[in-house]
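Data first, discussion second: the structure below is written as structure tokens.
Proteins get letters first, then strands, A, B, ... in listed order; numbering begins at 1 in each. FYI, side chains are in, hydrogens and waters are out, and symmetry mates aren't considered; it's all heavy atoms of this structure.
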There are 2 protein chains.
Amino acid sequence: MEEIAIYLFYDIRDDGLRMRVAEACKDYGLARIQFSGFHGALDRNMREELFLKISDILGDNAGRVLLLPVCEKDMKGRMEILNERHDDGGGDALAEG
Amino acid sequence: MEEIAIYLFYDIRDDGLRMRVAEACKDYGLARIQFSGFHGALDRNMREELFLKISDILGDNAGRVLLLPVCEKDMKGRMEILNERHDDGGGDALAEG
């Protein structure tokens, strides 16, 4: 099944749940691009499986999750700033989870 | 010029800069959907203007910003969880900025 690029962003207050969601994203081969944002390529089955897993982790606890498939055209249209952190040795804040 | 849906997510450590970026997003009519995530519709000129404004605010300070245009097909393919916060009266954590 065709893999397409996805972005996944979440806003989860509970530290333990947030770390478990991050682990799930990594388990599916996604790469961390922000503190609470991941990027990668997944086919439809894997997208649905990951989303279901995250839904299970979160349960009815407070949180927001967005999983967004992105076509090639939209990927080309994205704009990004990636400024390294000068104050802590570079990107350590992304090491959580 | 045609407006299309966009998502904008950022990861900015400095509280003041982060709040200024949030204000810029609101000034361009975007709606807050996560603590550091906005959604709305902007044409190409407005997207570039907002992105330039955010670049100016951030300067060379540490931070990551992603502005993603999203076509109708991808919008339809998105998956979301929007669990209300039961612990603080509902969504107060989104009131920052």
Side-chain angles (χ1 to χ4, degrees), chain A residues 4-14 17 21 32-39 42 44 47-52 54-94, chain B residues 4-14 17 21 32-39 42 44 47-52 54-94:
Chain A
I4 66 167
I6 69 146
Y7 283 96
L8 194 149
F9 286 92
Y10 49 85
D11 184 3
I12 298 170
R13 182 176 298 185
D14 183 274
L17 295 177
V21 167
R32 191 164 223 156
I33 57 159
Q34 291 190 9
F35 184 71
S36 295
F38 282 81
H39 174 57
L42 293 178
R44 174 179 288 273
R47 289 202 297 279
E48 290 178 356
E49 202 178 291
L50 172 58
F51 190 75
L52 191 62
I54 292 174
S55 301
D56 283 345
I57 292 169
L58 195 58
D60 62 356
N61 295 285
R64 293 159 190 248
V65 180
L66 173 68
L67 190 164
L68 197 63
V70 183
C71 66
E72 276 187 45
K73 179 163 178 282
D74 288 342
M75 277 303 285
K76 283 180 188 154
R78 79 189 186 282
M79 295 185 258
E80 273 188 295
I81 300 171
L82 298 169
N83 285 359
E84 291 300 322
R85 298 177 186 278
H86 302 298
D87 53 346
D88 65 358
D92 284 346
L94 294 180
Chain B
I4 66 167
I6 68 147
Y7 283 96
L8 194 149
F9 286 93
Y10 49 84
D11 183 2
I12 297 170
R13 182 176 299 186
D14 183 273
L17 295 177
V21 167
R32 192 164 224 154
I33 57 159
Q34 291 190 11
F35 184 70
S36 294
F38 282 81
H39 174 57
L42 293 177
R44 174 178 287 274
R47 289 202 296 278
E48 289 178 355
E49 203 178 291
L50 172 59
F51 191 74
L52 190 62
I54 292 174
S55 300
D56 284 345
I57 292 168
L58 195 57
D60 62 357
N61 294 285
R64 292 158 191 248
V65 180
L66 172 69
L67 190 163
L68 197 63
V70 183
C71 66
E72 277 187 43
K73 179 164 178 283
D74 289 343
M75 277 303 286
K76 283 179 188 156
R78 79 188 186 283
M79 295 185 258
E80 275 188 294
I81 300 171
L82 298 169
N83 285 359
E84 291 300 321
R85 297 177 188 279
H86 302 297
D87 52 347
D88 65 359
D92 283 347
L94 294 178

Exercise. What distance do Ile12(A) atom CD1 and Gln34(B) atom CD have between them, rounded to the nearest 0.5 Å?
Worked result: 8.5 Å
Problem set entry | Euclidean distance, Leu67(B) CG relative to Glu80(A) CD, rounded to 0.5 Å | 10.0 Å
Exercise. Taking Asn83(A) for the side chain and Gly63(B) for the main chain, is one N or O donor matched with an acceptor at less than 3.5 Å?
Worked result: no
For this session: Enter the distance from Phe9(B):CZ to Leu66(A):CG here, rounded to the nearest 0.5 Å.
Result: 5.0 Å
Exercise. Sequence neighbours excluded, which residues qualify as side-chain contact (heavy atoms from CB on, under 4.5 Å) partners of Ile4(B)?
Worked result: Glu2(B), Arg47(B), Pro69(B)
For this session: Please round to the nearest 0.5 Å and tell me the distance separating atom CD1 of Ile81(B) and atom CZ of Arg64(A).
Result: 12.0 Å
For this session: State the CG-CG distance between Leu82(B) and Asp11(A), to the nearest 0.5 angstrom.
Result: 10.5 Å
Exercise. So how far is it from Leu68(B) CG to Met79(A) CE, rounded to the nearest 0.5 Å?
Worked result: 10.0 Å
